[in-house]
Amino acid sequence: MLDLKYLRDHLEQAEQRLATRGGAIDLTNFRELERQRRDLLGQSETLKAEKNRVSALIGQTKDKSQVKDEIVRMKDVSAQIKSLDDKLRQVNDDLQAILMTVPNLPHEDCPVGSSEEDNVEVRVWGEKPSFAFEPKAHWDIGEGLDILDFERGVKLTGARFTLYKGAGARLERALINFMLDLHTEQHKYVEMLPPFMVNRDSMTGTGQLPKFEEDLFHVEGPDYFLIPTAEVPVTNIHRDEILAADQLPLNYTAYTPCFRKEAGAHGRDTRGLIRQHQFNKVELVKFVRPEESDAELAKLLGHAETVLQQLKLPYRVVDLCTGDIGFSAARTFDIEVWLPGQGLYREISSCSNFRDFQARRAAIRYRPQDGAKAELVHTLNGSGLAVGRTLLAILENYQQADGSVVVPEVLRAYMGGLERITGQ
RNA sequence: GGAGAGAUGGCCGAGUCGGCUGAAGGCGCUCGCCUGCUAAGCGAGUGUACGGGGUAAACCCGUACCGAGGGUUCGAAUCCCUCUCUCUCCGCCA
């Protein structure tokens with residue numbers, strides 16, 4: 001959510017910046033509503049001041065017959081106030097509704113562009129493996145080794161659900177533990193294990209609601225949603241809180257499954273593990289001082305890259321352009337892993353600086369000094385990494401001519417010493 | 001699921017038969033004084049949001065906020081209704 005005052009005072013400037021995201025954002029309504037709001041507020045408060053003054057007078061008067069006229073008059077004033085406040089509430093709701101659907105302003109260093117095509121490749125890491133045979137796609141490798149069962153996943157639930165078996169299940173679990181250990185022990189993040197369902201306030205706090213409800217799984221009964229990413233519960237840990245300055249930066253990591261409807265992705269990535277309704281992810285979340293958020297994004301990105309470097313998986317880093325960054329983000333770097341089975345780079349991590357956009361929605365503040373006014377923190381997060389996609393990247397990059405898959409060295413300790421996954 | 005208790009400021013905690021309570025008292029914190037250091041002591045101050053004035057700020061005026069929403073009343077932290085959450089006991093249960 002953008003700052004109401006900022007938007008009011010810099011409307012045209014804001015509209016121009018938002019236009020670089022593509023898709024017109026119409027704020028003409030906004031100015032008129034804001035004018036009405038101030039007008040109604042002024043009228044209502046003037047009457048309230050009058051009412052408070054006279055009511056105090058009535059209270060002090062012993063003989064109520066002396067103030068009979070005042071009491072009658074105040075009755076009328078109260079009715080007027082009620083009517084003004086009703087209108088005001090309506091205007092405020094409309095204003096809030098607009099504000100909640102306006103995306104974040106892109107960071108001034110964010111490359112301007114209209115689509116994926118305009119994203120900027122920042123760096124490339126690692127050697128793409130070369131094969132003496134035609135490298136297979138991970139779904140063929142996984143089925144060949146009987147460690148991924150796509151058909152039974154569909155039987156159990158439906159499309160875009162997969163059953164992991166044996167060494168496949170173990171590899172997924174090994175990756176989760178490896179990533180969590182790396183981030184907690186080497187990068188000094190605090191591990192969290194949050195609820196996998198959250199309420200509407202939490203979804204609103206990070207920006208999934210009200211705009212993207214159709215992407216979320218909602219449960220029957222209570223008004224809860226399955227989380228689409230750990231970003232939601234972990235960022236909302238400090239919703240409605242004022243943090244002490246010396247606590248910052250706060251660095252949290254969490255493993256959670258993620259649930260996404262993938263509405264609008266019909267027919268895309270229908271094979272394999274790329275796009276699932278349920279997938280595992282280890283997330284990194286930071287709460288930082290505003291002046292440090294750019295530097296913290298660089299660190300966060302580095303922490304995510306370390307995972308791929310230790311797994312020796314080739315990747316590249318892409319600076320997303322204004323047309324491609326998410327609703328709540330001001331700046332986003334994607335990490336894309338090389339998939340030889342498909343001959344392309346695929347997103348495996350997305351690291352973003354939200355600045356104060358989420359913090360304002362979720363009321364996450366800090367006190368720069370004792371006694372000073374509380375200010376909004378900046379929030380950041382990134383995948384460190386998407387586990388399913390990491391697993392499939394391992395299958396494709398570490399595949400052998402005989403159909404087996406070599407286990408990356410750093411994972412062997414997590415796999416009971418297993419060096420190679422072979423068929424049964 | 002059954003029975004009961006409760007939700008007040010950064011924290012603890014008081015609020016009488018509705019008015020003079022933004023809210024006693026304490027802790028914490030800030031500034032000043034005192035003190036050889038520490039501890040203690042003394043004095044003053046110490047919520048947030050929004051609107052208006054002044055604007056570099058300080059500051060001044062007004063309004064709202066005592067879990068959330070609604071109602072009664074000239075006037076509600078105080079009365080009524082609904083909801084949410086927390087706690088205790090019983091039952092059930094991984």
Side-chain angles (χ1 to χ4, degrees), chain A residues 1-11 30-100 193-205 209-210 218-219 221-225 233 236-248 250 287 356 359-377:
Chain A
M1 187 165 70
L2 300 178
D3 182 26
L4 185 69
K5 277 185 192 159
Y6 170 83
L7 207 53
R8 180 209 299 159
D9 298 337
H10 305 85
L11 193 62
F30 175 86
R31 195 195 296 271
E32 170 59 16
L33 282 168
E34 172 57 19
R35 195 195 58 71
Q36 281 181 33
R37 184 183 76 86
R38 270 194 285 181
D39 190 42
L40 289 166
L41 190 63
Q43 290 181 47
S44 169
E45 291 195 348
T46 304
L47 288 176
K48 281 175 183 165
E50 164 82 353
K51 183 193 76 175
N52 287 345
R53 201 173 49 78
V54 175
S55 288
L57 207 72
I58 292 169
Q60 283 162 23
T61 308
K62 294 267 157 48
D63 180 3
K64 301 295 185 216
S65 67
Q66 284 180 7
V67 289
K68 253 166 64 186
D69 292 350
E70 303 302 89
I71 291 178
V72 171
R73 195 161 65 82
M74 283 310 106
K75 208 167 194 147
D76 183 52
V77 168
S78 276
Q80 287 181 48
I81 291 172
K82 190 173 279 185
S83 138
L84 282 170
D85 282 352
D86 283 346
K87 286 182 205 156
L88 188 59
R89 192 171 304 122
Q90 185 57 52
V91 170
N92 266 329
D93 287 352
D94 292 349
L95 218 42
Q96 195 65 15
I98 292 175
L99 215 50
M100 290 304 259
L193 185 59
F196 300 159
M197 289 185 220
V198 298
N199 59 31
R200 199 166 277 276
D201 284 345
S202 293
M203 283 295 183
T204 306
L209 292 180
H218 185 259
V219 303
D223 192 19
Y224 298 157
F225 297 86
N236 278 281
I237 287 173
H238 294 299
R239 174 153 49 83
D240 296 319
E241 288 185 15
I242 298 176
L243 305 166
D246 57 16
Q247 289 180 272
L248 302 180
L250 284 171
F287 301 81
D356 62 11
R360 184 173 297 105
R361 286 178 162 239
I364 307 168
R365 294 174 296 171
Y366 79 108
R367 220 177 276 288
Q369 287 117 34
D370 277 339
K373 213 175 132 169
E375 289 175 27
L376 296 169
V377 301

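Quick note on labels: first sequence line is chain A, next is B, and so on, each numbered from 1. The structure displayed is predicted, hence computed values, not measured ones.
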Rounded distance in Å between the C1' positions of B:G22 and B:U8: 11 Å
Just how far, in rounded Å, is P of B:A64 from CZ of A:Arg38? 20 Å
d(CG, A:Asn52; P, B:U73) in whole Å: 18 Å
Closer than 4.0 angstrom, basic N to acidic O: yes or no for A:Lys48 and A:Glu45? no
Using the C1' atoms only, state how far B:G2 lies from B:C80, rounded to an integer number of Å. 26 Å
Listing for RNA chain B: consecutive Watson-Crick or G-U pair runs of at least 3, distance cutoff 3.5 Å, ranges ordered by first number, gives B:1-7 with B:84-90, B:10-12 with B:25-27, B:28-33 with B:41-46, B:47-53 with B:59-65, B:67-71 with B:79-83
Side-chain contact, heavy-atom cut-off 4.5 Å: A:Lys82 with A:Ser78? no
Nearest heavy-atom approach of A:Leu248 to A:Phe287 is CD2-O, 3.5 Å
Please examine the side chains of A:Arg73 and A:Val54, heavy atoms only from C-beta on, and report whether any two atoms are closer than 4.5 Å. yes
Could you check which of B:A64, B:G70, B:C50 has an atom nearest any side-chain atom of A:Arg89? B:G70
What interatomic distance, in whole Å, is found between P of B:G62 and the corresponding atom of B:G28? 33 Å
Using the P atom on both, measure B:A94 against B:G4 and round to a whole Å. 28 Å
Whole-Å distance between B:G75 P and A:Gln60 CD? 17 Å
Using the P atom on both, measure B:C27 against B:G36 and round to a whole Å. 25 Å
For B:G13 versus B:C74, give the span between their P atoms, rounded off to a whole number of Å. 37 Å
A:Arg8 vs B:G51: side-chain N/O to OP1/OP2 distance below 4.0 Å: yes
Which value, in whole Å, describes the distance between the P atoms of nucleotides B:U46 and B:A40? 23 Å
Please tell me if A:Arg37 has a side-chain N or O lying less than 4.0 Å from either OP1 or OP2 of B:G51. yes
Is any side-chain heavy atom of A:Arg361 closer than 4.5 Å to a side-chain heavy atom of A:Arg239? no
Could you please name the option among B:G71, B:C74, B:U63 that lies closest to any side-chain atom of A:Lys75? B:C74
Between A:Asp86 and A:Ser83, a side-chain donor and acceptor under 3.5 Å: no
For B:G75 and A:Ser78 - does any side-chain N or O of the residue sit under 4.0 Å from the phosphate oxygens OP1/OP2? yes
Side chain of A:Lys82 - closest among B:G71, B:U48, B:G75: B:G71
So what does A:Leu41 hit on the nucleic acid, given a heavy-atom distance under 4.0 Å: a base, only sugar-phosphate, or nothing? sugar-phosphate
Does A:Arg35 reach the side chain of A:Arg31, with side-chain heavy atoms less than 4.5 Å apart? no
Rounding to an integer number of Å, can you tell me how far A:Leu95 CG sits from B:C50 C1'? 13 Å
Rounding to a whole Å, what distance do you find between A:Leu40:CG and B:C50:C1'? 14 Å
What is the distance from CE of A:Met74 to P of B:U73, rounded to the nearest Å? 16 Å
Would you classify A:Ala49 as touching base, sugar-phosphate or nothing, given that sugar-phosphate means primed atoms plus P, OP1 and OP2, and contacts are heavy atoms under 4.0 Å? sugar-phosphate
Please state how far atom CG in A:Asp223 lies from atom C1' in B:U84, giving the value in whole angstrom units. 13 Å
Could you tell me whether the side chains of A:Asn92 and A:Gln96 share a donor-acceptor contact shorter than 3.5 Å? no
CG of A:Asp76 versus P of B:G75: gap in Å, rounded? 12 Å
Distance check, P atoms only: B:A64 and B:G75, in whole angstrom units. 12 Å
Side chain of A:Ser55 only, please: which of B:U48, B:G71, B:G75 is the nearest? B:G75
A:Ile58 vs A:Ser44, nearer the 5' end of RNA chain B by closest nucleotide: A:Ser44
Nearest 0.5 angstrom please: A:Arg37 CZ to A:Leu95 CG, how far? 6.5 Å
Indicate, with a heavy-atom threshold strictly under 4.0 Å, whether A:Lys68 touches base, sugar-phosphate, or nothing. nothing
Whichever of A:Asp3 and A:Ala56 has its nearest RNA chain B nucleotide further upstream toward 5': A:Ala56
